[in-house]
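So you know, we letter chains A, B, ... as the sequences are listed, proteins then strands, and number each from 1. Side chains are part of it too, since the values below use all heavy atoms of this structure and drop only hydrogens, waters and symmetry mates. Given the structure is predicted, the values throughout are model-derived calculations rather than measurements.
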Amino acid sequence: MMDGAAAARFPEASARALGDENLQAALRLLGEGFQARRTDAVERFAGFEDARDAAVAAKTRTLRNLDRHLETFEARCREHGGVVHWAETPADARQIVLELLTDRGVRALSKGKTMVAEEIGLNGFLEANGIEVIETDLGEYIIQLAEEAPSHIIVPAIHKTMPQVADLFRQHHDQAKAGSFPRRTPADLVAEARAVLRRRFLEADAGLTGANFLVAETGSSVIVTNEGNGDLTQTLPQLHIVLATIEKVVPTLADGAAILRVLARSATGQDMSAYTTVSTGPRRPSDVDGPAEYHVVLLDNGRSRLLGTPAEEVLRCIRCGACMNHCPVYGAVGGHAYGWVYPGPIGAALTPALLGVGAARHLPNASSLCGRCEEVCPMRIPLPKIFRYWREQEHAARLNSERMRLGLALWGWFAARPRLYRLATGVAMRVLSRLAGRSRRFRSLVLASGWTRSRDLPAPAGRTFLNSWKRRS
Amino acid sequence: MSVSGSESGRGRVGLFVTCLADLFRPSVAWASVQLLEQAGFEVAVPDRQTCCGQPAYNAGDLPTARRVARGILDAFEPFDYVVAPSGSCAGMLRLHLGRLFVSEQETAARAEHLARRTHELTEFLVDVASWTGVAAEFPHRVTYHDSCSSLREMAVRDQPRALMAQVQGLELVELGDRDVCCGFGGTFCVKYPDISTKMVSDKTAAIAATGAETVLAGDLGCLLNIAGRLAREGRPVACRHVAEVLAGTTGTDPIVPVGP
């Protein structure tokens with residue numbers, strides 16, 4: 001698991017990220033890649049805004065009766081021969097997965113992409129218990145080789161440049177066999193990873209996937225991928241485990257379809273992802289393939305506590321990543337600086353709920369509230385509003401800095417007393433204006449170093465407008 | 001309270017000066033008064049105004065934001081319209097003030113009443129006043145920075161452009177990535193200065209790429225940030241509030257004088 005305390009070190013981590021040339025080169029692709037592709041996809045689809053509304057309505061309806069839909073899901077899943085396990089905490093979920101594996105003598109587990117596994121620190125836990133974990137999503141595979149955490153929820157290795165990936169493959173792949181891969185283009189690297197991973201799928205005794213959503217009326221789990229790795233992960237081994245959080249359930253297949261209409265468009269700019277796979281229970285006698293056992297582990301980890309709070313709208317998230325693709329802060333520092341599983345705007349809105357407002361206090365603060373995330377969020381999650389909510393919690397719990405509190409109190413005292421404010425600002429602006437001299441700017445200013453370290457501070461004119469206006473009239 | 005202007009009967013506007021225009025750049029407020037009067041409105045400047053309260057509101061300090069907001073509600077009660085030369089402050093008054101008083105019905109109603117009357121300057125001139133009387137000249141190549149709150153909270157994008165198109169000699173070159181934040185963000189820029197610097201540096205690079213001599217915007221927060229970074233980088237681009245250009249009051253220095 002990523003270290004929760006790392007979220008508290010956001011300022012240091014973001015400074016490092018800004019100085020990391022490889023990372024900066026990798027992040028530059030966000031703009032020309034994901035942003036442009038989403039814009040194209042939205043322009044191609046005239047019904048996009050209506051589709052957004054429909055998806056929001058579907059998820060809102062779900063959350064209003066989440067408990068009922070979860071119970072329906074469990075009942076239908078059981079009818080189809082599946083087993084549902086309820087996990088309140090990450091530790092519960094890890095233990096359930098471990099027991100499912102050890103009871104069946106599983107030694108190697110193949111894995112499709114799942115952020116929830118990151119959230120509960122599953123890989124490290126299983127490996128410590130003697131189970132080999134094989135990541136099959138290309139991005140996840142790359143960062144597994146690099147022994148790093150994902151830095152993006154749909155492009156986990158976005159922080160890696162192509163030469164870095166080529167180096168990793170050179171180090172880790174069997175030299176004798178991999179010698180035939182030229183590693184000159186991204187396509188070369190994909191071909192190499194595919195060749196290596198194909199063998200590994202067959203070595204796994206069990207497969208674990210996440211779920212883009214769960215369908216209550218049919219008891220199904222649905223995954224959306226572009227590589228087809230998820231399908232191999234869930235159909236080849238005898239045991240398929242789905243790991244999902246409780247808010248992933250939707251009442252009906254039609255609700256799921258509403259989400260599909262906006263998901264890939266918002267994420268990668270595709271109309272649909274290459275593969276959309278619905279799994280309902282284990283293999284039936286008439287099926288040509290599929291697992292003998294189908295288990296769904298449903299994790300809460302603090303989400304039910306969010307219901308009924310101003311932050312509950314984060315539970316509408318469908319993990320498309322559009323918010324981080326369009327966030328100028330994410331674009332500047334990448335995902336690792338956020339210090340936990342979910343980076344970018346959605347991470348800044350969700351992490352305080354999962355780690356606590358204190359540990360995660362930087363994340364909702366490190367936003368200019370520009371609102372670009374909310375603008376592109378297919379589920380219309382009011383992210384800036386939620387950042388403010390966490391800031392309010394932080395302030396009310398006195399977790400922000402004493403200097404900040406004092407500054408606000410002092411400013412507020414004057415701002416609520418116009419006459420004194422006028423007097424004080426009148427004097428201050430006159431002094432500042434004189435100090436600035438003929439250059440009309442400050443290159444450095446005590447108490448404003450955060451500003452003047454990298455930019456000049458324009459000098460105030462001298463007399464304030466309101467004082468001049470009073471004279472005129 | 002002091003009142004100026006014609007009595008043409010188009011209505012009374014209370015000018016919300018904004019703290020940055022009041023303290024740093026009064027010429028923006030003078031230009032705003034002039035434009036509103038040219039458009040036929042009677043302009044008043046309530047002297048009990050200070051700030052919209054965003055520094056406290058966005059820092060999560062709701063009690064302080066509430067104290068400041070009550071002053072605004074009192075000061076701007078008697079006007080047909082409340083106009084601010086800033087999308088950010090206008091956004092605060094229109095969209096956020098009410099949130100502060102959810103548990104005080106009467107005050108919430110006053111906030112709602114204020115919200116309905118509040119406009120950003122260019123939006124007011126174009127959408128409410130339908131004013132096409134810009135009588136200014138500015139024979140320069142300019143680019144325009146959309147502030148995030150103008151763009152996303154106030155739906156201000158076409159209005160400043162419609163007004164700039166009436167300025168003699170003005171040539172507008174649009175910015176690349178023009179919907180991306182400049183990195184100001186109120187206290188964000190001093191709380192996370194490294195990230196803010198990266199954002200404003202991207203913005204100044206985009207500005208330089210247009211070849212514009214002047215960058216205009218409708219929000220002084222962005223402008224101080226952009227002007228400060230341009231000056232530090234030694235880029236010879238002037239910064240002005242769009243109101244100054246529309247009012248033709250560009251005899252004053254730009255926000256930071258260009259040159260050595």
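- There is no contact between A:E394 and chain B, counting heavy-atom distances below 4.5 Å.
- In this structure, chain A has no heavy atom under 4.5 Å from any part of B:D202.
- Of the residues considered (A:S367, A:P11, A:P384), A:S367 shows the highest number of contacts with chain B, using heavy-atom pairs under 4.5 Å.
- For B:V28, no part lies near chain A; criterion is any non-hydrogen pair under 4.5 Å.
- Using a 4.5 Å cut-off between heavy atoms, B:T50 contacts chain A through both its backbone and its side chain.
- Taking non-hydrogen atoms and a 4.5 Å limit, the residue list of residues 186-194 of chain B in contact with chain A, ordered by number, reads B:T187, B:F188, B:C189, B:V190, B:K191, B:Y192, B:P193, B:D194.
- For the options A:S449, A:P458, A:A461, A:G426, heavy-atom pairs under 4.5 Å to chain B are most numerous at A:P458.
- If you measure heavy-atom distances from B:R229 to chain A, the contacts under 4.5 Å come from both the backbone and the side chain.
- Classification of the B:F76-B:F16 ring pair by plane angle, with boundaries at 30° and 60°, yields tilted.
- For residues 51-59 of chain B, heavy-atom neighbours of chain A at less than 4.5 Å comprise B:C51, B:G53, B:P55, B:A56, B:Y57, B:N58, B:A59, sorted by residue number.
- Under the 6.0 Å distance and 45° angle rule, A:R417 counts as a cation-pi partner of A:W413.
- A:P352 places none of its side-chain heavy atoms less than 4.5 Å from the side chain of A:Q393.
- A salt bridge is absent between B:E153 and B:R94; no separation between the charged side-chain nitrogens and carboxylate oxygens falls under 4.0 Å.
- In this structure, A:R388 fails the cation-pi test against A:W390, since its NZ or CZ atom is not both closer than 6.0 Å to the six-membered ring centre and inside 45 degrees of the ring normal.
- Between the side chain of B:R66 and the backbone N or O of B:L100 there is at least one donor-acceptor pair closer than 3.5 Å.
- Between A:Y338 and A:H362, the distance separating the two ring centers is not shorter than 6.0 angstrom.
- Residues from residues 33-42 of chain A never place a non-hydrogen atom less than 4.5 Å from a non-hydrogen atom of chain B.
- Contacts with chain B (heavy atom to heavy atom, under 4.5 Å) involve no residue of residues 431-438 of chain A.
- The CG atom of B:D61 sits 7.0 Å away from the CZ atom of A:R405 when rounded to the nearest 0.5 Å.
- For B:E233, no part lies under 4.5 angstrom from a heavy atom of chain A.
- For B:R70, no part sits under 4.5 Å from any heavy atom of chain A, backbone or side chain.
- Side-chain atoms of B:S88 and B:D219 include no donor-acceptor pair closer than 3.5 Å.
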